[in-house]
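Down below is the structure, laid out as structure tokens.
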Amino acid sequence: NDKTSFVQMAYNALARGETMRCAKDWSAHATHASHVSQAIVKLIEAKTYGVYHVVSPEVPPYIEIGRYIADQISAPSHLIVETSRKELGLAAGRPERLELGTALWLADFGAPLPGYKDGIQKFLKERSK
């Protein structure tokens with residue numbers, strides 16, 4: 001399903017004891033939706049303007065995200081299978097590293113959003129309810 005995030009897909013596969021193929025050469029922000037919504041509230045309350053990139057500060061490779069999820073749920077490390085973007089055979093082309101600039105956010109609000117590990121921790125707590 002194209003509405004499922006990488007984090008959700010990795011969690012589902014690992015929780016079922018299935019392998020998860022994760023690209024070592026593909027990186028992107030992984031930002032929890034609640035962190036984005038809290039940032040949007042700040043933007044509205046500040047009555048500011050401009051183009052803001054509201055994302056977690058790190059840009060880890062997907063393999064790192066997958067390994068972190070596996071570690072957090074005590075899934076065997078061999079379930080994370082290192083692969084490449086090309087080997088995944090994705091229908092749409094994707095940049096090797098998708099990094100958005102957060103300088104305006106930092107200048108106006110002084111601190112970055114929580115990191116991807118914080119977001120994954122929040123995601124996992126939500127799944128344990």
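Reckoned from all heavy atoms, side chains included, excluding hydrogens, waters and symmetry mates. Everything numeric in this text was worked out from a predicted model, so none of it was measured.
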(message) Side chains of Y62 and D25 only: does a donor on one sit below 3.5 Å from an acceptor on the other?
(response)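 No - no donor-acceptor pair under 3.5 Å links their side chains.
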(request) Examine the side chains of H32 and E126 and answer whether a donor and an acceptor come within less than 3.5 Å of each other. (result)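 There is such a pair (donor and acceptor under 3.5 Å, judged by atom type) between the side chains of H32 and E126.
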Any side-chain heavy-atom pair from [X] and [Y] closer than 4.5 angstrom?
{"X": "Y11", "Y": "I120", "result": "no"}
{"X": "R21", "Y": "L88", "result": "yes"}
{"X": "L113", "Y": "V55", "result": "no"}

Verify, without hydrogens or angle tests, whether [X] (side chain) and [Y] (backbone) share a donor-acceptor contact under 3.5 angstrom.
{"X": "H53", "Y": "L100", "answer": "no"}
{"X": "E58", "Y": "Y116", "answer": "yes"}
{"X": "H35", "Y": "G119", "answer": "no"}
{"X": "S56", "Y": "A30", "answer": "yes"}
{"X": "S84", "Y": "E87", "answer": "yes"}
{"X": "W105", "Y": "A111", "answer": "yes"}

Can you name the nearest heavy-atom pair linking [X] to [Y], along with the distance?
{"X": "C22", "Y": "I63", "value": "CB-CA, 3.6 Å"}
{"X": "I65", "Y": "V7", "value": "CG2-CG2, 4.2 Å"}
{"X": "G66", "Y": "L14", "value": "O-CD1, 4.1 Å"}
{"X": "A70", "Y": "I80", "value": "CB-CG1, 3.9 Å"}
{"X": "I73", "Y": "A15", "value": "CD1-N, 4.0 Å"}
{"X": "L124", "Y": "Q72", "value": "CD1-CB, 3.5 Å"}

(message) Between E82 and R67 (salt bridge meaning N to carboxylate O under 4.0 Å), is one present in this structure?
(response)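 Salt bridge: yes.
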Would you give the length of the straight line joining atom [atom1] of [X] to atom [atom2] of [Y], rounded to the nearest 0.5 angstrom?
{"X": "M9", "Y": "I69", "atom1": "CE", "atom2": "CD1", "value": "10.0 Å"}
{"X": "L43", "Y": "F109", "atom1": "CG", "atom2": "CZ", "value": "4.5 Å"}
{"X": "S34", "Y": "K122", "atom1": "OG", "atom2": "NZ", "value": "3.5 Å"}
{"X": "T83", "Y": "K24", "atom1": "OG1", "atom2": "NZ", "value": "7.5 Å"}
{"X": "E18", "Y": "N12", "atom1": "CD", "atom2": "CG", "value": "9.0 Å"}

(message) Between M20 and F123, is there shared hydrophobic-cluster membership here, with clusters defined by ILVMFWY side-chain heavy atoms closer than 4.5 Å?
(response)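 Yes, same cluster.
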(request) Please check if Y68 and L79 belong to a single hydrophobic cluster, counting links between Ile, Leu, Val, Met, Phe, Trp and Tyr side chain heavy atoms closer than 4.5 Å. (result)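 Yes; tracing contacts between hydrophobic side chains, which count when under 4.5 Å, links both residues.
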(request) List the steps, then state whether side chain to side chain contact (heavy atoms under 4.5 Å, CB included) holds for Y52 with K42. (result) CA-CA 12 Å; Y52 291 82; K42 283 185 179 182; over 6 Å; no
